[in-house]
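Below is one structure, written out as structure tokens; the observations come after it.
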Amino acid sequence: MQLQTLKRAGVASALALTLTTAGCASMSDTDRRVGTGIGVGAVTGALITGDAGGAAVGAALGGAGGWLYDRQKKRRYYYDRHGRRVYR
């Protein structure tokens with residue numbers, strides 16, 4: 001009985017991982033950076049405070065940090081007339 005439950009949990013986690021990574025394929029650089037900031041901020045806030053309020057504050061701060069990081073990275077490149085990214 002327990003082996004069957006473990007198999008189902010393994011299949012469910014593999015499916016969730018596949019859907020999560022496939023969902024990020026069409027995201028822009030900004031979306032990925034802000035999303036990563038939100039995720040890291042939420043986990044850090046939850047670990048520090050131990051409650052949902054800390055996780056929410058951490059997610060907000062992480063999202064803002066990811067957006068600021070994205071703005072800084074975009075200052076370092078531009079796109080040429082062929083659509084290729086060129087770094088300064």
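Sequential numbering from 1 along the given sequence is applied to the chain's residues.
Residues Tyr79 and Arg85 have side chains that bring a donor and an acceptor to within less than 3.5 angstrom of each other.
Here Lys74 pairs with Asp70 under the salt bridge (Lys or Arg N to Asp or Glu O under 4.0 Å) rule; sequence neighbours left out.
In terms of heavy-atom proximity, Asp80 sits nearest to Arg84 at OD1-N, 2.8 Å.
The number of heavy-atom neighbours closer than 6.0 Å to OH of Tyr77, taken from other residues, nucleotides and ligands shown, is above 12.
The distance from atom CZ of Arg33 to atom CD1 of Ile38, rounded to the nearest 0.5 Å, is 14.5 Å. Tyr69 OH to Asp29 CG: the interatomic distance, rounded to the nearest 0.5 Å, is 10.0 Å.
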